[in-house]
Student: 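Before anything else, here's the structure in question.
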Amino acid sequence: MSSSTADVAQHATPPTTPGPTPARRGALRRPPSWRRAQHRRPWLLLSPGLLLLAVLLGFPLVRVVQLSFQDYGLRELARGEDNYVGLENYREILTSSFLWQTVLPNTVGFAVVCVVLTMLVGTAVAVFLNTLPRTWRTLCLTAVMIAWAVPAVTGTYVYVWLFDPLNGLVSTVLTDVGLIDRGAVNWFAERFSFYAIATLNVVQHGFPFVAVTVLSGLMTVPRELYEAAQIDGASAWRRFRSLTVPILKPVFAVCTILSTIWDFKVFTQIYLMPGGNGGNPDVYNLGVWSYIESFAQGRYGMGSAIAVLLTVILLLITVVYMRTLFSEEEL
Amino acid sequence: MTGPAALPAVPATRTARRAAGRGLRSDETGGRRESRASTVAKVVGSIALVAFAVFPAYWMLTTALDADAATRGSRLVPTSLTGENFARVFTDGDFGRFILNSVVVATATVAISAVVSLLAAVAVARFRFRFRTAILVMILIVQMVPLEALVIPLFLQARTLQMLNSLLGLVIVYLAFSLPFAIWTLRGFVAAVPQEIEEAAYMDGASWGRMFRSVLLPLVAPGLVATSIFAFITAWNEFIFALTFMQDSELYTVSVGLRTFFGQNTNDWGAIMAASSIITVPVVVFFVLIQRRMTSGLASGAVKG
Amino acid sequence: MKRPITGVAAVSALALTLAACSSGGGGTDEETPGGDGADYAGETLTVWVMEGTNPDSDAFFDEVGAAFEEKTGATLDVQMQPWASAHDKFITSIAGGTVPDVAEVGTTWTPEFAEVGALVDLTDRIAEAGLDGDLVGGLQEAGTYDGGLYGMPWYAGVRAMIYNTEIFEAAGITEPPTSWDDLLAAVEAIKTSQPDVIPFPVSGDSQYGLYPWVWGAGGELAEQDGDTWASTIASPEAVEGIEFYTDLALEHGSSTAAATTWNEANALEAFQQGDVGMIVSGSWTPAKIEQDNPELFAKLGAFPFPGKDGDVAGSFLGGSHLGIFEESDNQDLAWEFVQMMSTGEFAQKWAEQSGYFSGQASLVEAQSEAADPLQQAFATQMLEGGRSLPVTPAFGKVQGAKTVETMLQSILSGSASAQEAAETAAASMDETFASAAG
């Protein structure tokens, strides 16, 4: 999924995020009919958007919870009947060793590693870019943008091609230096190496968001501060620790939380790798498991329960996100 | 995937001063060695960064152009260039149709999303009414809802409404991806337009609708461009819904259509990479387009800080 | 708002255009009388066919389309589907009501789709057309669910062993192995005469490579007990077969460590490079080798899977049915198409071009008489040892869960003994059977 395309556009927003500009002043001078319209108009303007969001997000949210309490398969679908089984789906999921030994470790482990790496690489790149002269910075920034722009689908296929066991770049190089026999190692077959490739893919696609965001934060820090610190004799590392980190703490927090959300629900990058679309259960994460249960096995109730589990985890992270955000900005 | 609402404005100065006041009186020496070594480090670092960032895109494009793509192995530069892989994408595969489908879906998403989100943005930015804050919070929360987790109910809903195997069904779903972000972003742009300009239009006897078209719309146009590009890219890239909703291969979008080049035992990497390049190039162009806007935004931010 | 915002009008116009672009499930709702000579002019029959079976399927279906249009007046819309994603696609379109009129359905899937009411029971139509006496047994058995036949047998394939005659000759093997002892002797002979050659790789990611040894030892995968099934993969006979197959790798050095994760395609790839003595291979594979590597094709031999004591061991008889979907509005027209494809000229042509066997017993016999020795080995395998997997929708789920591959890989990697791994697999299968029944 285009995890972070949004954030490019976001930087086009005006740097100020002002509060509402209430029309109170004008309204007082206007005739009563205008005031009535004033009451109705916002709702009129909002109604198409709210309606769409209700149909596309509100109703499905209710429905997915409903389905998660049902044994809902192709038969129920054909007859249009409900088939409530209470908490059975949740019981099955939560007591299965598959969740605890495979899916959850895959999901959480992968997300944690990806977030840590994305933040490290992104921050390092941002700090580095900040030291570059203008022309060099623009050049590097364009390259970073390209990494960001490559769609998840095509990016994943490139990695599948790079690691193709027979003719891929990596396999060929390792064969040439005598480390492996051509075609003898299939990295997609084994869980650990599968996720190593997925991590590389996701980090390579995700670090630009962090780099660009942190860089924009870094550029708001007055240069004089660094110069003063330098005169005081602080080393580069010390300047980073004592100046950059505290100033950019909110930026780091937001980047971390957003990356966490994205990396938890990664679907495309896993599903499109060999074995990720059902061939190899060892590599499922929550999103893929939910999709396979429903659309490959026809167990929509079960799939919904897994989706609810994923949503709940993400909502918890969102709560943290909202808290961070609200402490920084008034609506 | 929806994007984040907005980054918190960094309260730079205050925090920074506090940090500066804290124990920076280190007595470490050797700060001022702006030497040749550091220049070399910057050059090497830049090259490494560019290589890391661009390599997959490079490999994609060069494989697409390689006359001997399947057995390319570790050749960094293709031995001979060819357009044959690209030609095969259109002759053997039905890729022209997939592109057309994607363009139709993305354009429709952009158009509807622009109208609906602009109206909503005006409502929350220009009017003060009951539940306004609640709606703003909701729009923010809604961006965090993982749409991937809603593919099951949306699929069943689309089935009931006969919207499967329909480009319109896909457009409607993509609105859910782009609307919250568009409303939130445009809200900032609308709010940034000074109230006085609107007042002046009313003074001249303009109706609200007239003011909207002649005054507000041109001023928020840059915001519309940004959100539209986002909506376009989202619709163009989206995979999971397109995969689930479109069973008729004549209605595939590009990201799903790409899968048709995978054979059972052998993969035609030349064609896959050629098709991938065709999908990727417009997105990269759009990104570079808004990068210019972005850097200017960064610059103004720096001045302000 | 005095003036309408023109954008809204534009958007709704766009929406209308989009709605017009969308297409529903089948053709029109118009009722048409069945029978020959009926005029279906203006109608379109949508058909899904699996990709890769016939190397030149475009030309084949152009021809079929022309003949079909001539006969019925209807247009044929054939959409090729890759095997890898086909099962999921079927499930999704059955759920969404977006199925085609007719589809090629893998034999193991037919009962699964029949169970959920997606496929039309063809028993009466097949009997009416007088086709019921001439169907290939294994395919008929696989397509039967609850007493009805839900898939018209179209084509079949079977796996047997292929070998490199050059390597066999260099090892002094004159006759292909016909028993387990023969096979072990052949492995030893190859190993001693040509140390660089992998005599017979044991591919860990291929369930169909294992079954012939289980069956060859007299074992079964599962047995039906009333309404439910019980796994028998941990029975002494089955374990003996599993042990023999995996011991080739673990005890007799017949394989290579890399093969632990190989599937058939990987094994074939290695075989094509000329350093492998023999592999498990589908009857459709020699045609591919002939195309890719004519030199190797000239050195190709084949023999049926040897049973433990010298008879032909069972081998999974795979293939495809043609199924008609319940949601199709044009079931009579669909049946016209199914008959055209599965009998007579086109059935024969399809079999010849694809290297498979026809679903009609009489055509298979004709094929095996005319064929070269290579095809004869496969025909013998099919007619004497063609077996089906447990015919229950639940077994499709066992396959989906890759239970057998997991078992095989855990033995080959040394993390479990054959007995232990078989018991784990049996427990997992039983769990699947139980949840499917309940």
Side-chain angles (χ1 to χ4, degrees), chain A residues 1-3 5-9 11-15 17-18 21-22 42 45-46 48-49 56 60 63-64 140 143-147 149 151 153-154 158 161 169 172-173 216-217 219-220 225 229-230 232-235 243 246-247 250 258 265 267-268 294 304 307 310-311 314 318 328-329 331, chain B residues 1 3-4 8 10 12 15-16 19-20 24-26 28 31 46 49-50 53-54 56-57 60 73-74 116 119-120 123 127-129 136 144 146 148-150 152-154 175-176 181 188 191-192 195 226 230 233 237 239 255 269 276 279-280 283-284 287 290-291 293-294 297-298 301-302 305:
Chain A
M1 195 111 304
S2 66
S3 46
T5 37
D7 320 300
V8 163
H11 289 283
T13 43
T17 320
T21 43
L45 293 171
L46 272 171
L56 291 170
R63 186 91 175 105
V64 75
C140 287
V144 169
M145 281 298 163
I146 291 173
V153 172
T154 56
V158 176
W161 168 219
L169 169 68
T172 313
V173 169
S216 75
M219 290 172 84
T220 63
L225 277 177
Q230 213 164 0
D232 286 351
S235 67
L243 269 176
I247 295 174
L258 287 175
K265 60 176 186 180
F267 175 84
T268 310
S294 23
S304 296
L310 176 61
T311 311
L314 290 180
T318 307
E328 297 298 331
E329 186 191 30
L331 273 172
Chain B
M1 178 39 265
V10 184
T15 331
L24 267 176
R25 252 150 265 125
S26 149
E28 287 165 63
S46 300
L49 174 61
V50 170
V54 177
M60 180 195 299
S74 57
V116 174
L119 296 181
F127 295 89
R128 183 149 283 231
F129 53 96
L136 279 176
M144 294 298 135
E148 293 83 347
L150 296 185
I152 301 165
L154 282 170
L175 286 175
F181 169 72
Q195 190 79 25
F230 167 66
I233 293 177
N237 287 355
F239 175 71
S255 52
W269 285 110
S276 294
I279 298 175
T280 306
V283 183
V284 170
F287 258 68
I290 32 184
Q291 185 204 346
R293 305 188 48 78
M294 193 203 72
L298 286 181

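We name chains A, B, ... by the order of the sequence lines, and we start the count at 1 in each one.
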Student: Which one, B:A149, B:A57, B:S46, leads in non-hydrogen pairs under 4.5 Å with chain A?
Tutor: B:S46
Student: So which atom in B:G73 and which in A:T172 form the shortest heavy-atom distance, rounded to 0.1 Å?
Tutor: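 Scanning both residues completely, I find the closest heavy atoms to be CA-OG1, 3.3 Å.
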Student: Mind checking whether A:P151 and B:I279 have side chains closer than 4.5 Å, heavy atoms only?
Tutor: yes
Student: Which value, rounded to the nearest 0.5 Å, describes the distance between A:R63 atom CZ and B:I152 atom CD1?
Tutor: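 Answer rounded to 0.5 Å: 11.0 Å.
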Student: Identify which part of A:S304 has an atom lying under 4.5 Å from any heavy atom of chain B, answering side chain, backbone, both or neither.
Tutor: both
Student: Which heavy atom in B:A53 sits nearest to a heavy atom in A:A147, and how many Å separate them?
Tutor: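 Shortest heavy-atom separation between B:A53 and A:A147 comes out as O-CB, 3.2 Å.
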Student: Please name the pair of heavy atoms, one in A:L56 and one in B:L150, separated by the smallest distance, quoted to 0.1 Å.
Tutor: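 Closest pair (atom of A:L56, atom of B:L150, distance): O-CD1, 4.2 Å.
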Student: Can you name the side chain to side chain donor-acceptor pair (under 3.5 Å) partners of A:W161, sequence neighbours left out?
Tutor: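 A:W161 satisfies side chain to side chain donor-acceptor pair (under 3.5 Å) with B:T63 only.
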Student: Give the C-alpha distance, both sets of side-chain angles, the deciding distance and a yes or no for side-chain contact (heavy atoms from CB on, under 4.5 Å) between A:V153 and B:N237.
Tutor: CA-CA 7 Å; A:V153 172; B:N237 287 355; over 6 Å; no
Student: Return the CG to CZ distance between A:L46 and B:F127, rounded to the nearest 0.5 Å.
Tutor: 10.0 Å
Student: Enter the distance from A:T311:OG1 to B:E148:CD here, rounded to the nearest 0.5 Å.
Tutor: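 Result: 9.5 Å between the selected atoms.
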Student: With a 4.5 angstrom heavy-atom cut-off, is it the side chain or the backbone of B:L49 that approaches chain A, or both, or neither?
Tutor: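 Contact with chain A: side chain only.
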Student: What are the two closest heavy atoms between B:P153 and A:P60, and how far apart are they?
Tutor: CG-O, 3.4 Å
Student: List the residues meeting side chain to side chain contact (heavy atoms under 4.5 Å, CB included) with B:V50, not counting sequence neighbours, and say none if there are none.
Tutor: A:C140, A:A143, B:V54
